[in-house]
Structure formats: structure tokens, C-alpha cells
Amino acid sequence: MKDTFKHQGLRQQLVNVLKTKGITNTNVLKAVGKIPRHLFMDSSFLDHAYQDKAFPIAADQTISQPYTVAFQSELLEITPGHTVLEIGTGSGYQTAVLCELGARVYSIERQQELFKKTSKFLPKLGYRAKHLIFGDGYKGLPEQAPFDSIIVTAGAPFVPKPLLSQLKHDGGRLVIPVGDSGKAQIMTLFIRKGPKSFEQYEFGEFKFVPLLEDKN
Ligand code: SAH
């Protein structure tokens with residue numbers, strides 16, 4: 001688990017790439033500059049870890065493109081102490097970004113292999129999510145709701161109602177890529193304004209692995 005000057009230099013270049021692509025939140029940029037992304041990937045991909053690209057991880061899943069991670073993180077508008085639910089723990093990279101932003105993070109993963117691997121790995125890097133959960137993200141986490149924000153890191157064919165209902169009423173934010181698998185998804189932000197009122201904004205096309213129905 002080495003983090004060399006070379007890695008650190010490549011990370012700074014990645015931060016600059018994200019800036020030129022329009023990421024402005026300094027805390028998000030700092031997090032990307034700090035987190036050793038190469039350690040979240042299989043070793044054969046080490047050389048590619050600081051390109052702005054998604055890459056395969058275990059169980060046929062991907063670690064999201066850094067730009068996508070930064071874009072979604074920015075939309076969450078996290079301040080320290082916020083309670084955040086992540087759907088799709090995957091490699092744990094996005095989870096680490098949320099921890100760096102000072103969030104109390106709950107994260108759900110439905111692939112047992114990834115759940116086990118990432119549960120062991122994150123604490124080794126010093127990232128302590130409040131709770132990593134093996135389960136189905138479509139249901140959210142009612143026992144810990146309401147959340148300041150919820151981030152979905154897989155492409156959802158529709159917006160799961162439980163996620164909307166688990167947002168805080170006064171400004172809770174859901175960031176979710178919506179669209180059928182095989183196609184691009186539309187990055188969508190919901191802001192809760194009251195028990196039944198939500199504002200909705202769309203931010204263009206992104207490509208994610210699909211949010212799969214419960215298999216357990
Ligand atoms: N945030 C991750 C992205 C991983 S890809 C990272 O940066 O590495 C999306 C993840 O969502 C995969 O790990 C996949 O197994 C998971 N996933 C898919 N459907 C899910 C569901 N219904 N509930 C929870 N996780 C799910």
C-alpha cells in the first residue's frame with residue numbers, strides 16, 4: 001500500500017483536469033488530491049489510476065470516473081457533520097471522498113464480494129464510514145433516515161420512492177443518475193422542500209453500471 005511522490009504528482013494533474021472540466025468546490029478538489037485512488041483499484045490498473053476514467057473492479061463493477069465522483073459530490077453540497085447515504089459502495093472511493101468532506105456516511109452494496117473487500121480496505125486507509133451495509137439500495141436505509149443527502153452511484157431505471165421519502169424535509173438532496181441500462185443516464189438532483197414537495201434539476205448525460213434489483 002504505497003503512495004509515492006509519483007502518485008501524488010499524478011493526483012495533482014488529475015485535480016487540474018477536473019478544474020478545467022468545471023469542478024470548482026475546493027473541498028471536493030482537495031479530497032481528490034488527497035485520496036490514493038490507485039489503492040482502490042486492481043493492481044493491473046495502477047498506471048491508469050489517475051486518468052479521468054472509470055475502471056473495472058471486482059464483480060464486474062467499475063470504480064466511477066473521477067469527474068463523475070467530483071460532479072456528484074459537488075451537487076450534494078456537504079458540510080461537515082451531514083448524514084449521507086450512498087447507494088453502491090463499490091471500491092469505496094466515493095465513500096472516501098464523502099468521509100473527507102466530513103460526512104457521516106452510510107453506504108449500501110449488494111455484491112457481497114465488494115462489500116467484504118471494501119469493508120476491510122477502507123479502515124486500513126483511515127476512512128471510517130458510520131456503517132457499511134450489505135443489502136439492497138432500492139430500499140434505502142429507513143432506520144437511519146432522514147438524510148441530509150443521498151447519492152446513487154449506479155444507473156437507476158427509475159427513482160426509488162424510499163430514497164425520496166428518506167430525505168430531510170428542509171433541503172435534503174438526492175443525486176441520482178436516471179435512465180435504462182445500456183443507455184446514458186441523466187444526472188438528476190432532487191431537493192426536498194417539504195413533506196410532498198421536491199424541486200428537480202437535470203445535469204446532462206453520464207454512464208453508469210446499472211442499479212440492480214435485489215438478488216438476496
Ligand atoms: N461508488 C463506487 C461505484 C461502484 S459502481 C465506486 O466509486 O467505486 C456501482 C456499484 O453499485 C456497484 O458496486 C454495484 O454492485 C452497486 N449496486 C448495484 N445495484 C445495487 C443495489 N440495488 N443496491 C446497492 N448497491 C448496488
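Both ligands and their constituent atoms are indexed starting at 1 by order of listing.
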* Asked: Is the shortest distance from a heavy atom of Pro210 to ligand 1 less than 4.0 Å?
  -> yes
* Could Arg37 and Tyr93 be counted as a cation-pi pair, given that NZ or CZ must be under 6.0 Å from the ring centre and within 45° of the axis? -> yes
* Asked: Does Gln61 approach ligand 1 within less than 4.0 angstrom via side chain, backbone, both or neither, non-hydrogen atoms only?
  -> side chain
* Asked: Taking the side chain from Arg110 and the backbone from Leu211, do they hold a donor-acceptor pair closer than 3.5 Å?
  -> no
* To do: Check the pair Tyr50 / His7 against side-chain hydrogen bond (donor to acceptor under 3.5 Å, both in side chains), numbers first and verdict last.
  => CA-CA 8 Å; Tyr50 294 105; His7 290 122; 6.0 Å; no
* Structure fact -> In ligand 1, the atoms that come under 4.0 Å of a heavy atom of Gln94 are 1 (N), 7 (O)
* Would you say Gln111 has any N or O atom under 3.5 Å from an N or O of ligand 1, going by distance alone? -> no
* SB check Lys193 Asp170 (cutoff 4.0 Å) -> no
* List in chain and number order the residues that pass salt bridge (Lys or Arg N to Asp or Glu O under 4.0 Å) with Lys34, two or more places apart in sequence or in another chain; answer none if no residue qualifies. => Glu100
* **Tyr138 N/O to ligand 1 N/O under 3.5 Å** => no
* Mark yes or no for whether Asp180, through its side chain, and Lys183, through its backbone, hold a donor-acceptor pair below 3.5 Å. => no
* Interfacing atoms of ligand 1 (cut-off 4.0 Å, heavy-atom, Glu86) -> 1 (N)
* Asked: Would you call Glu213 a ligand 1 contact, heavy-atom distance under 4.0 Å?
  -> no
* Please identify which atoms of ligand 1 are closer than 4.0 Å to at least one heavy atom of Thr62. => 3 (C), 4 (C), 5 (S), 8 (O)
* Asked: CG of Leu132 to CG of Leu114: how many Å apart, nearest 0.5 Å?
  -> 12.0 Å
* Asked: Heavy-atom contact under 4.0 Å between Thr89 and ligand 1?
  -> yes
* Note: Asp42-Lys117 ion pair, threshold 4.0 Å (strictly below) -> yes
* Side-chain heavy atoms of Arg173 within contact of Leu189, under 4.5 Å -> yes
* Check each atom of ligand 1 against the heavy atoms of Ser91 and keep those under 4.0 Å away; list them by number with element. => 6 (C), 7 (O), 8 (O)
* Numbering the atoms of ligand 1 from 1, which are under 4.0 Å from a heavy atom of Ile108? -> 24 (C), 25 (N)
* Side chain, backbone, both or neither: Val209 near ligand 1, heavy atoms under 4.0 Å -> side chain
* **Gly88, any N or O under 3.5 Å of ligand 1 N or O** => yes
* Taking Gln166 for the side chain and Leu164 for the main chain, is one N or O donor matched with an acceptor at less than 3.5 Å? -> no
* For ligand 1, is there an N or O atom under 3.5 Å from any N or O atom of Ala154? -> no
* Heteroatom distance test (Tyr93, ligand 1): nitrogen or oxygen, under 3.5 angstrom -> no
* Numbered atoms of ligand 1 (with element) below 4.0 Å of Leu114, judged on heavy atoms -> 13 (O)
* Should Gly137 be counted as touching ligand 1, given the test is an N or O pair under 3.5 Å? -> yes
* Structure fact -> Residues pairing under side chain to side chain donor-acceptor pair (under 3.5 Å) where one sits in residues 146-163, two or more places apart or in two chains, turn out to be Asp148-Lys168
* Asked: Out of Lys139, Arg110, Gln65, who gets a non-hydrogen atom closest to atom 26 (C) of ligand 1?
  -> Arg110
